[in-house]
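Down below is the structure, laid out as structure tokens.
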Amino acid sequence: MTTHKLLLLPGDGIGPEIMTEVKSILGWIEKNSEVSFETEEDLVGGSAYDAHGKSISEEAMKLAHNADAILFGAVGGEKWADVPYDMRPEAGLLRLRKDLDLFANLRPAICYSALAQASSLKPELVEGLDILIVRELTGGVYFGEPKEIVTLEDGQKRAVDTQVYTTSEIERITKMAFDLARTRSNKLMSSEKHNVMKSGVLWKEVVNAVHKDGYQDVELGHILADNCAMQLVRNPKQFDVIVCDNLFGDMLSDVAAMLTGSLGMLPSASLGAVDSSTGQRAALYEPVHGSAPDIAGTGAANPIAMIASLAMALRYSFNMGKEADLLDKAIAGVLDQNIRTGDIYTNGMTKVGTNGMGAAILAQLDAQA
Ligand code: NAD
């Protein structure tokens, strides 16, 4: 029997509601596999601020460092709009990303056949879509120094952000993207703007060097980031894995996300480097959406993004690809039965709440077992 240490951080708003459904699915997996989960749970975001005066406590950080993986719900809400900047709910998530050095953000964009009609693109363009955007998460223009607004002698102001990348930062995200491409269709597209940015020139150079050095079996392409955005809405199925920097990844992953219909469907993973002594990597899995204060407490939230985040944890942290496939298949199966939460509901479907969707996925898992 293998035991995995899992830290659950439900957070605020709908976070705890969707995490409840994940706990039931963890129970199902334990019953139907050779693994057990040692779970701890703690506060993060506004709920942690209310309890401890900060958005994540040192105790919770210690649990995070000790966990094999973290499942994170969502944070934030109007209630905490006026708390000091460093203590705002989102600061808890940023601290986790920084302290655990989660440098790679994986955002799959999967369009379930049953939801192809909900996309803003024609169904035939998105039906069966399955792409993965790998975004560098801890470098680039969001963190580069100087980062400031200064007042000039003539009274004008000047704002500066700095786009900066080193060889090793590009190498580690590129290697991860090549490794992921090998587990899929062995195709990687690298996206930057080498035509106008020095960081783009270096990015392309390093990606090519990594390719030559150990990944020549993977088909590599390069595309300018503006063209990539255009191609994502013109013919998204031409892509499989796309690797890009922090800024372009932010934009491109949101474009790709919207091809699939609803925020309530989108999982993500943030991964660190493999520790050479333990073979483990730090990892945090979370839905792309926020705490949805407008529907919190009504039992209407779609738990699929959270449950699909658990599927990513099974796949990328616990080497449980078979169980991850089962869970992904159960989600697709429930959608094929026309069961929908409000955010993905259309006329003629069966409308359920958060618990109803969780129960339907459990029933589908039983049916598949
Ligand atoms: P949001 O993602 O919370 O909600 C946007 C819209 O999508 C809302 O109408 C909401 O009801 C709906 N929605 C989102 N998730 C849903 C789900 N699972 N099921 C059904 N409907 C869903 O974004 P927002 O309203 O801009 O932000 C609300 C709060 O969340 C803010 O405080 C924001 O800072 C925070 N936020 C947190 C994260 C995070 O924790 N990673 C991410 C984004 C926003």
Side-chain angles (χ1 to χ4, degrees), residues 8-22 25 42-50 55-56 60 64 70-98 100 102 105-107 112 115 118 120 135 137 142 249-251 253-254 257-258 260-270 283-312 331 334-335 339-346 349 351-358 360-361:
L8 308 182
L9 296 173
D12 309 318
I14 62 169
E17 300 167 37
I18 55 178
M19 193 64 86
T20 299
E21 303 312 316
V22 158
I25 288 175
D42 214 319
L43 301 172
V44 69
S47 54
Y49 178 79
D50 289 346
S55 54
I56 188 156
I70 301 165
L71 285 179
F72 185 100
V75 291
E78 262 309 295
K79 181 178 175 197
W80 302 283
D82 297 324
V83 306
Y85 186 77
D86 287 348
M87 293 170 191
R88 69 199 192 286
E90 291 77 6
L93 178 57
L94 295 181
R95 166 122 192 246
L96 283 163
R97 284 181 181 161
K98 184 165 170 279
L100 299 176
L102 303 174
N105 186 230
L106 276 53
R107 291 261 302 254
Y112 295 93
L115 292 185
S120 49
R135 165 188 170 193
L137 197 61
Y142 294 162
D250 197 2
M251 317 271 162
S253 59
D254 273 9
M258 276 302 99
T260 67
S262 165
L263 260 180
M265 302 291 302
L266 297 163
S268 76
S270 300
L284 181 148
Y285 300 88
E286 57 173 328
V288 167
H289 61 72
S291 58
D294 53 335
I295 56 165
T298 66
N302 184 350
I304 290 180
M306 187 77 247
I307 292 171
S309 300
L310 168 62
M312 290 188 83
I331 293 170
V334 166
L335 296 172
I339 295 171
R340 302 279 190 275
T341 42
D343 56 318
I344 49 174
Y345 176 80
T346 48
M349 307 276 141
K351 196 176 202 172
V352 293
T354 313
N355 292 145
M357 181 56 87
I361 293 172

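For the numbers below, each heavy atom of this structure counts, side chains included, while hydrogens, waters and symmetry mates do not. Keep in mind that what you see is a predicted model, and the values were worked out from it rather than measured. Every number for a ligand or one of its atoms is a count from 1 in the order of the listing.
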Among non-hydrogen protein atoms, atom 7 (O) of ligand 1 lies closest to Leu263 CD1, 3.7 Å
Discussion item. Are Lys79 and Asp12 packed together at the side-chain level, in the sense that at least one heavy-atom pair is separated by less than 4.5 angstrom?
Written reply: no
> Hey, is ligand 1 close enough to Pro293 that some N/O pair sits below 3.5 Å?
Replying inline: no
- Backbone of Ala269 reached by a side-chain donor or acceptor of Asn105 within 3.5 Å: yes
Looking at Asn302, Thr341, Ile304, Ile295, the heavy atom closest to atom 21 (N) of ligand 1 belongs to Ile295
Practice task
Taking atom CG of Asp82 as the centre, report whether more than 12 heavy atoms of other residues, nucleotides or ligands fall under 6.0 Å from it.
Solution key: no
- Message: Between Thr354 (side chain only) and Gly299 (backbone N and O only), is there a donor and an acceptor less than 3.5 Å apart?
- Response: yes
Exercise. So, Ser268 side chain and Arg107 main chain: donor-acceptor pair closer than 3.5 Å or not?
Worked result: no
Checking heavy atoms under 4.0 Å, the part of Ile14 that sits near ligand 1 is side chain
Going by the 4.0 angstrom heavy-atom rule, the piece of Leu93 near ligand 1 is side chain
When rounded to the nearest 0.5 Å, the distance separating CE of Met357 from OG1 of Thr341 is 4.5 Å
**Request:** State whether the shortest distance between N or O atoms of Ala292 and N or O atoms of ligand 1 falls below 3.5 angstrom.
**Result:** yes
Would you say Arg88's side chain and Ala81's backbone share a donor-acceptor pair under 3.5 angstrom?
no
Atom 10 (C) of ligand 1 sits nearest the protein heavy atom Asp294 OD1, 3.4 Å
So the atoms of ligand 1 within less than 4.0 Å of a heavy atom of Gly264 turn out to be 17 (C), 18 (N)
inquiry  = If you scan the protein for heavy atoms around atom 3 (O) of ligand 1, do you find one that is closer than 4.0 Å?
reply    = yes
Distance col, row Leu137:CG vs Arg97:CZ, nearest 0.5 angstrom, shows 5.0 Å
- Query: Taking Glu17 for the side chain and Gly297 for the main chain, is one N or O donor matched with an acceptor at less than 3.5 Å?
  - Reply: yes
So CD1 of Ile339 and CE of Met349: to nearest 0.5 Å the spacing works out to 11.0 Å
Gly76 heavy atoms within 4.0 Å reach ligand 1 at atoms 32 (O)
Is any heavy atom of the protein nearer than 4.0 Å to atom 27 (O) of ligand 1?
no
When distances are taken from atom 32 (O) of ligand 1, the protein heavy atom at minimum range is Gly77 N, 3.1 Å
So the atoms of ligand 1 within less than 4.0 Å of a heavy atom of Glu286 turn out to be 41 (N)
In this structure, atom 29 (C) of ligand 1 is nearest to the protein heavy atom Ser291 OG, 3.3 Å
Note: ligand 1 atoms sitting under 4.0 Å from heavy atoms of Ala74 are 40 (O)
Near Ala301 (heavy-atom distance under 4.0 Å), the atoms of ligand 1 are 19 (N)
Notebook entry, point to check: Is a donor on one side and an acceptor on the other found under 3.5 Å between the side chain of Ser291 and the backbone of Gly76?
Noted result: yes
Rounded to the nearest 0.5 Å, the CE atom of Met306 sits from the NE2 atom of His289 at a distance of 8.0 Å
Counting only nitrogen or oxygen atoms and a 3.5 angstrom limit, does Val75 reach ligand 1? yes
- Message: Closer than 3.5 angstrom, by distance alone: can the side chain of Trp80 be matched with the main-chain N or O of Pro89 as a donor-acceptor pair?
- Response: no
At under 4.0 Å between heavy atoms, what of Glu90 touches ligand 1? The answer is side chain
Nearest non-hydrogen protein atom to atom 14 (C) of ligand 1, with distance, is His289 CB, 3.7 Å
Within the 4.0 Å heavy-atom cut-off, what Met306 brings close to ligand 1 is neither
min-distance protein heavy atom vs atom 44 (C) of ligand 1 -> Gly290 CA, 3.5 Å
